[in-house]
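Structure record follows, encoded as C-alpha cells.
Just so we're on the same page: letters track the sequence lines, and every chain starts at 1.
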Amino acid sequence: LWYLFSPSVDKAWKELTNILSGIFCASLNFIDSTNTVTPTASFKPLGLANGTDHRLLRYTVLPREVVCTENLTPWKKLLPCGSKAGLAVLLKAERLFHSSYHSQAVHIRPICRDASCLAVSWELRQTLTVVFDSFCSSQGKKDWSLFKMFSRTLTDACPLASESKVYVDISPKNKEKELLEVTPAPTSVHEAVVQGDKRTYAVYDLLSPSLFNTSRSLNVQLKWKRPQDSSELPTPVLHAQRYVSGYGLQTGQICTLIYNTHPYRAFPVMLLETVPWYLRLYVHTLTITTKGKENKPSYIHYEPAQDRRRPHLLEMLIQLPASSVTKITIQFERALLKWTEYTPDPNHGFYVGSSVLSALLPSVIAMKDVDVEQSPLFTSLFPSSDGSSYFVRLYTEPLLVNLPTPDFSMPYNVICLTCTVVAVCYGSFYNLLTRTFQGGGGLAKRLANIIRRFRGVPPL
Amino acid sequence: MARSAATTAPALQKRDFKQALQGLARPRGLRCVTKRLARLRAGAPARGPPGEHDGRRTQRRTGRRPHLPRPEAAARRPHMRGGHSPPPFPAAAEAGTLRRRRGKMAAAVPAVGCVRAAAALLLGCCGAALASGVQDQAEQFFRSGHTNNWAVLVCTSRFWFNYRHVANTLSVYRSVKRLGIPDSHIVLMLADDMACNPRNPKPATVFSHKNMELNVYGDDVEVDYRGYEVTVENFLRVLTGRIPPSTPRSKRLLSDDRSNILIYMTGHGGNGFLKFQDSEEITNVELADAFEQMWQKRRYNELLFIIDTCQGASMYERFYSPNIMALASSQVGEDSLSHQPDLAIGVHLMDRYTFYVLEFLEEIHPASQTNMNDLFQVCPKSLCVSTPGHRTDLFQRDPQNVLITDFFGSVRKVEITTETISLDRDLAGFESKLPKDELATEPLKYAEQFPVAQIIHQKPKQKDWHPPGGFILGLWALIIMVFFKTYGIKHMKHIF
C-alpha cells in the first residue's frame with residue numbers, strides 16, 4: 001500500500017537488462033538500483049504515446065563499459081542481411097574503431113503504420129555514428145573516399161531491403177557552388193531541412209539498376225576543388241562541457257558549462273545529472289551563473305542518494321540567453337567504500353556518467369509537414385510537432401574521479417602480525433605455565449620454576 | 001554385508017591379498033582389495049555388487065558409454081587425496097572386454113580352487129582366438145561417444161601488460177571456432193579489454209605474432225563475460241550450472257552428459273592456485289570439486305583441461321572425477337615464460353606454450369586424424385623452457401585413440417539435400433496473414449519531446465506518506481508524554 005511504483009516494473013527492468021547483456025555482449029547486467037534513476041522531465045517517449053506515466057521510466061548509464069568488436073558483432077547480426085550484403089559490408093571492425101568517435105544505438109518505438117495513423121507498427125532503428133579523422137591521415141587534404149575510410153567498396157544492395165541509399169552532404173557554404181565534386185555521379189540530388197538548416201544531399205540509390213551497370217563496386221569519392229585551409233567548422237548552436245575541479249581526495253566540485261551560440265534567440269534547456277551515491281552532493285552549493293549574474297531555473301527536481309541503494313538525480317530547466325555561457329557548479333564529498341566494494345582496479349578511478357541536455361533549438365528554416373515523409377531516415381528519429389524548432393539531445397563527457405583507496409594488503413598483514421605475536425608471546429608464556437618439562441631445557445626450566453614459585457607450586 | 005564378513009574372518013595374510021589381486025585389471029586401493037577379498041571368502045561371485053550391471057550389457061552394444069558409479073556410491077568411496085590414483089571403478093562389468101583388449105589371459109575371476117582356474121584358462125584361450133576379431137569392435141566401441149562440443153575459455157588477468165593472456169585465450173578461441181564449434185557453444189571470458197584499450201596502437205586488434213601477422217581478435221568475436229564479470233564465482237557458476245534464472249543463454253554452459261568440453265585457463269598462477277583479476281584466487285581443490293559437481297550432474301562426457309600459467313601442473317593434481325584429461329604448460333616449481341615482445345605494441349604478445357599449441361592447431365582441419373599424443377609433444381623443453389605436463393589416468397580411453405577434433409572441433413549434424421528452395425520475394429501474402437490490430441478511432445499522436453509548459457507546471461511527485469518511524473516517532477512520543485504529564489489530560493481540548 002505504501003509503494004507507488006508497481007514492483008513488476010523493476011523486475012521487468014532487471015530481466016530486460018540481463019537479456020540485453022547477453023544479446024549485445026556488454027555487461028548490462030551490472031544495471032541495478034544503485035545506478036538506475038527515474039527522470040521526471042527528460043526522456044519523453046520517442047514514439048506514439050498517450051500520456052504515459054513518467055514513473056514507469058527507468059534510465060541508467062554505465063560509464064565504465066567499453067564499446068568494441070564484441071558489441072558490433074551482435075549489432076550487425078540484427079540486420080537482415082548481416083554484414084554480407086548491402087551497406088553493412090563496409091562495417092569492418094578494424095577500420096571502424098580506428099576513429100575519433102564511435103557510437104552504436106538501437107531504438108525500438110511504436111510508429112504510425114501509414115499516413116492516417118490509426119494503426120501502430122513497431123520500428124527497430126539501428127544507428128552507427130563514426131567520426132573518421134581523415135584530415136590527419138591524408139596529409140591535410142579533406143578528400144575522402146569509401147575505400148580510404150573502410151578499405152572496402154559497396155558491391156550490391158541487400159535483397160531484403162526496400163530502401164538502400166547513401167547520402168553525401170554537398171551543401172554549399174556561403175552560397176558558393178562548385179566547391180566540391182563527388183564521383184561517380186549520384187542517382188539524384190535531394191534537398192532537405194535537417195536540424196533546422198537547408199542541406200543538399202547527393203543520393204546514391206543502391207537499388208536502382210543504373211548504379212552497378214558499369215562496375216560491380218561503388219566507391220564514392222569526394223574531392224575539394226580549392227584548398228580549404230582557412231575554413232572553420234560551424235559551431236553548433238548548443239554545446240556543453242563538464243569537468244571535475246578541486247584538489248585532494250576529500251572534496252571536489254562538478255562544473256558544467258553550457259554554451260548558447262545563437263546570436264539573438266534564447267531557449268530553455270533541460271539538464272539531467274546522475275551522480276553515484278559515493279559522491280555526496282551538497283545541494284546548497286548549487287550555483288548557476290550566466291554572464292556573471294545568477295540564473296534561477298524554472299524547474300528543479302532533486303532526488304538525494306541513499307547509500308548503496310540509489311544515486312543522486314538532479315533535473316533542472318534552465319533558460320539560456322542568446323550568445324551566453326552558463327556555468328553550473330555543485331560541490332561534493334567523497335565517501336569511503338567498504339573494502340569489498342572496490343573494483344579489482346580501484347586506482348584507475350570511478351566514473352560518473354555523462355549528463356544529458358535536452359533542448360528545442362530554433363530552426364533557421366521552418367520545416368513543412370510534407371517534408372517529413374520525404375526526408376531521409378536519419379532525420380526522423382525525434383518527431384517534431386512544428387517545423388520552427390527541432391529537438392536535440394546532447395551528452396557531456398563522463399568524469400573520472402579518484403576515491404580514497406585503502407591498502408588491500410592490510411588484512412593479510414594484520415593477520416600475520418597478530419598471529420605471530422600471539423604465537424610467540426602468549427604461546428610461549430602459556431607453555432611455561434602449563435607444560436611439564438622432562439629433563440633438559442635449562443633456561444625454560446629456570447623460567448618455569450620462577451613462575452611456579454610465584455604460583456606456590458612445587459618446582460620441576 | 002561385506003564389512004561384517006571382513007570382521008568375523010581371521011586375520012588377512014599376504015597371500016590372500018595376492019589372490020584377490022590376481023583377478024584385477026589394474027592395481028586398486030587397499031579398501032577395494034579388502035572388500036573384494038571378503039566377498040571371495042564369503043563365496044559371493046566376484047563380479048561386483050549384484051544388480052550393478054543388470055541389463056546394462058545391451059547398452060554397451062548400442063555404443064553407449066560403459067557403466068559408471070552412481071553418485072551415492074561415489075560418496076561412500078574414500079577419495080584419495082594428493083595422489084594420482086583414481087577412485088576404483090567397478091570395472092568388473094566390462095572387465096572382460098578390457099582384458100581381451102589388453103591381451104590378458106584371465107577373463108573371469110577365480111574365486112577359489114582349480115576348477116575355476118581351469119575355466120578361466122579355457123575362457124582365456126577363447127579370448128585370444130577372438131582377440132583379433134573383436135579388436136576392431138573394441139576400437140569402435142571405445143571411440144568417443146559424444147554428440148556435441150563445448151568450450152569454456154577463460155583469461156583471468158587484468159591490465160595492459162597482461163596482453164599476452166588475452167592473446168592466448170583468443171588464439172584458442174580462434175582455433176576452436178575455425179574447427180567448427182559455434183559461438184553459441186563457446187563461453188569466452190576475458191577479464192580486460194585489450195583490443196579497444198586506449199593504449200593499443202591498433203584498435204580492435206589483438207596480435208599473436210610479432211610484426212602484426214595474425215589478428216586473433218577477428219571480426220566476429222563474441223565475448224560472453226568481460227571485465228569485472230570474470231570472477232571465481234561466475235566461473236564456478238558457469239561450470240556447475242548454478243546460475244541465476246535471468247542469465248541469458250549465451251552466458252550459460254548448457255552441456256549434457258554427451259558433451260565433450262574443452263576448458264582453457266590462462267593467467268598468473270602459483271602452486272595450487274590461479275589468480276583472478278588481481279583480487280581473488282581459485283584453488284585446485286575448488287576446481288576439482290567443481291568438476292566433481294559437473295560429473296555428478298552429468299554435465300560432461302569427457303573433459304579436456306588445459307592451463308597455461310606458472311606452476312600449472314599443480315592445478316590438475318587434485319582432480320578425482322573420471323573422464324578428465326589435463327595438460328599444463330609447466331610443472332610445480334617452474335615458471336611458464338612468454339614468447340616474444342612486439343616493439344610497436346610494447347608488450348609480450350603470447351606465452352610460449354600457447355604459441356606452439358596455436359601453431360600446432362593451425363595445421364589441424366576439421367577432418368584431421370591427429371591424436372592427443374601429438375598434442376602432448378607440442379612444446380619440448382628446448383622450445384618452452386618449462387616442462388609441459390599432462391595427466392591421463394582419469395581418462396578412460398587411450399590418448400592414442402583420442403582425436404584432437406574430439407575436443408577442439410565439433411560434431412555437426414548436416415543433412416545434404418539436392419532440391420532447391422526458392423525464397424519468396426513477394427511479401428504481400430505474408431502481410432495479409434497478420435492478425436488484424438484494432439484500429440484507433442482517431443489518429444494517434446507522437447509524444448512531445450520537450451513540453452516546456454507542461455514541465456514547469458508539473459505537480460511535484462506525490463510523495464507517499466509513511467507514518468513516522470524510528471527516531472522521529474520516539475521523539476514525538478516523548479514530547480507528548482511530557483506535555484500531558486505536566487499539564488494534565490484536561491488540556492487536550494485546547495489542542496484539538
Counting heavy-atom pairs under 4.5 angstrom with chain B, the leader among A:Val67, A:Ile19, A:Asn29 is A:Asn29

With a 4.5 angstrom heavy-atom cut-off, could you sort out which part of A:Leu317 is near chain B: side chain, backbone, both or neither? side chain

Is A:Ala26 close to chain B through its backbone or its side chain, or both, or neither, when contacts mean heavy atoms under 4.5 Å? both

Taking every non-hydrogen pair under 4.5 Å, which of A:Ser99, A:Gly22, A:Ser27 racks up the most with chain B? A:Ser27

Quick check for you: to the nearest 0.5 Å, what is the distance between B:Glu222 atom CD and A:Leu72 atom CG? 11.0 Å

Options B:Gln277, B:Glu229, B:Lys251, ranked by heavy-atom pairs under 4.5 Å with chain A, top entry: B:Glu229

Answer yes or no: is there a donor N or O on one side and an acceptor on the other, between the side chain of B:Ser246 and the main chain of A:Glu15, under 3.5 Å? no

Can you tell which part of A:Arg64 gets under 4.5 Å to a heavy atom of chain B, answering side chain, backbone, both or neither? side chain

B:Asn215 versus chain A, the contacting section by heavy-atom distance below 4.5 Å: side chain

Considering only heavy atoms, which portion of A:Val392 lies under 4.5 Å from any heavy atom of chain B: side chain, backbone, both, or neither? neither

Give, as side chain, backbone, both or neither, the part of A:Leu20 having an atom under 4.5 angstrom from any heavy atom of chain B. neither

Short side-chain donor-acceptor distance under 3.5 Å, B:Tyr228 and A:Asp345: yes

Part of A:Ser116 within contact of chain B (heavy atom distance under 4.5 Å): backbone

Is it the backbone or the side chain of B:Asp183 that comes under 4.5 Å from a heavy atom of chain A, or both, or neither? side chain

I'd like to know which of A:Gly47, A:Ser298, A:Ala41, A:Ser389 tops the heavy-atom pair count under 4.5 Å against chain B. A:Gly47

Proximal component of B:Pro451, with respect to chain A [non-hydrogen, under 4.5 Å]: side chain

Heavy-atom pair with the smallest gap, counting every atom of B:Pro203 and A:His98: CD-ND1, 2.9 Å

Given a strict heavy-atom distance threshold of 4.5 Å, which part of B:Pro198 is in contact with chain A: side chain, backbone, both, or neither? neither

Side chains of B:Arg158 and A:His348: does their closest heavy-atom pair fall under 4.5 Å? no

Identify the two heavy atoms, one from A:Cys68 and one from B:Asp193, that lie closest to each other, and give their separation to 0.1 Å. SG-OD1, 4.0 Å

What part of B:Phe159 gets closer than 4.5 Å to chain A, counting heavy atoms only: side chain, backbone, both or neither? side chain

Chain B contact via A:Pro110 - which portion, at a heavy-atom distance below 4.5 Å: backbone

Given heavy-atom pairs under 4.5 angstrom as the criterion, report whether the side chain, backbone, both or neither of A:Lys14 touches chain B. neither

Quick one, A:Leu46 and B:Tyr446 - any side-chain contact, counting heavy atoms below 4.5 Å? no

For A:Tyr390 and B:Gln449, which I'm curious about, is there any donor-acceptor pair between the side chains at under 3.5 Å? no

Per-residue tally against chain B (heavy atom, under 4.5 Å) across A:Phe30, A:Phe97, A:Phe391 peaks at A:Phe391

Give, for atom NZ of A:Lys92 and atom CG of B:Asp220, the distance between the pair rounded to the nearest 0.5 Å. 8.5 Å

Between B:Tyr217 and chain A, with a heavy-atom cut-off of 4.5 Å, which part of the residue counts as in contact: side chain, backbone, both or neither? side chain

Hey, is the main chain of A:Val66 close enough, under 3.5 Å, to the side chain of B:Arg226 for a donor-acceptor pair? yes

Which bit of A:Phe43 is near chain B, if near means a heavy-atom gap under 4.5 Å: side chain, backbone, both or neither? neither

Side chain / backbone / both / neither for B:Asp219 at chain A, heavy atoms under 4.5 Å: both

What I'd like to find out is whether the side chain of B:Ser279 reaches to under 4.5 Å of the side chain of A:Phe408, using heavy atoms alone. no

